[in-house]
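Residues: numbered from 1 along the sequence shown. Side-chain atoms are counted along with the backbone in the values below, which use heavy atoms only and exclude waters and symmetry mates.
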Amino acid sequence: MAQPEADSATSNSTDCSGLIPLSRAQYGMWFAHKLSPERPPNIAQYVEIRGAVDEAAFAAAVQAAGAELESPYLRITEIDGRPFQWVDTTQPYHGAVVDLTGTADPVAAAQEWMRGDYSAPVDLRRDPLATTKLLRLADNHYYWYSRVHHVATDGYGGLALTARAAHLYTALVTGTQAAARKSVGLADIYRQDSAYRESPRFSRDRAYWRERTADLPPAPRPAGRSAPPT
């Protein structure tokens, strides 16, 4: 469901009803983006498909999988300098086809297209944080490309989304019943994470790892120095 967005970095309103705070892990990605917005911490992948693809069924499957897992439809807003998230299924995440069959070298064109999308700057408060496209290279030859900002999901979540979309696509084209979803919503994930961090178990876990790591030497650095993300 769409939620009104605060367009400014610092809003005069403190109303955050219906919005979900970011988890600790998401805060890390949010700060990383703030430090280097020209190189957003995106994750991306593509799957090479050789064979016929029902493009309409593909689009329906990726949209349905995205709505189930919610992360592809995540939006970020900032209120009084604090980031919040919500799920906006009105934004585009539709598996549209990018036809590269007319280019001189469709494979090279696809690689260039994906690199450009992956590295393009992202406005966390205005741009969609995820996209998926079907790059058509030839008859029966495709790249299924997916890109998402790391504040919305991680590599494991990306694999889960791919697997679920593939399962739903198979069900659509074979006329079979898809298995029930196993994912939980972002609000439930945040509540579970918050409950853990406020529990005695979290305190015990932190004490355990502090004790186990107290005598570790400094982490080795291959380069011996830091460098910008580029």
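- Counting only heavy atoms from C-beta outward, the side chains of Tyr46 and Met114 approach each other to under 4.5 Å.
- Through direct or relayed side-chain contacts under 4.5 Å between Ile, Leu, Val, Met, Phe, Trp and Tyr, Leu216 connects to no other residue.
- Annotation: the span from Ile76 atom CD1 to Asp127 atom CG amounts to 12.5 Å, rounded to 0.5 Å.
- Within 6.0 Å of atom CD in Glu112, 12 or fewer heavy atoms from other residues, nucleotides or ligands are found, so the atom counts as exposed in its surroundings.
- In this structure, the separation between OH on Tyr196 and CG on Asp205 is 3.5 Å, given to the nearest 0.5 Å.
- No side-chain heavy atom of Thr90 sits under 4.5 Å from any side-chain heavy atom of Tyr73.
- Proximity of a side-chain donor or acceptor of Gln111 to a complementary backbone N or O of Val107 within less than 3.5 Å is not detected.
- Summarising the local packing, CZ of Arg24 is surrounded by 12 or fewer heavy atoms from other residues, nucleotides or ligands at distances under 6.0 Å.
- Here the side chain of Gln85 pairs a donor or acceptor atom with the backbone of Pro21 at under 3.5 angstrom.
- Considering Glu48, Glu55, Lys133 in turn, Glu55 is the only one that fulfils the side chain to side chain donor-acceptor pair (under 3.5 Å) rule with Tyr142.
- Side chains of Glu38 and Ser36: a donor on one and an acceptor on the other come within 3.5 Å.
- Note that the CD1 atom of Ile20 and the CZ atom of Arg75 stand 14.0 Å from one another [nearest 0.5 Å].
- Of the N and O atoms on the side chains of Gln45 and Tyr118, not one donor lies less than 3.5 Å from an acceptor on the other residue.
- Among residues two or more places apart in sequence or in another chain, the side-chain hydrogen bond (donor to acceptor under 3.5 Å, both in side chains) test is passed with Thr132 by Trp144, Ser146.
- Side chains of Leu74 and Leu186 form a contact here, defined as non-hydrogen atoms less than 4.5 Å apart.
- A salt bridge links Lys34 to Glu78: one of the charged nitrogens lies within less than 4.0 Å of a carboxylate oxygen.
- Residues passing the side-chain hydrogen bond (donor to acceptor under 3.5 Å, both in side chains) test with Arg191, sequence neighbours excluded: Asp188.
- Of the N and O atoms on the side chains of His149 and His33, at least one donor lies less than 3.5 Å from an acceptor on the other residue.
- The aromatic rings of Phe58 and Tyr169 lie perpendicular to each other, with more than 60° between the two planes, well past the 30° mark.
- For the residue pair Ser183 / Arg181, a side-chain donor-acceptor distance below 3.5 Å is found, with atom types taken as modelled.
- Using a 4.5 Å heavy-atom cutoff, the side chains of Pro37 and Pro121 are not in contact.
- At least one side-chain heavy atom of Phe84 sits under 4.5 Å from a side-chain heavy atom of Ile79.
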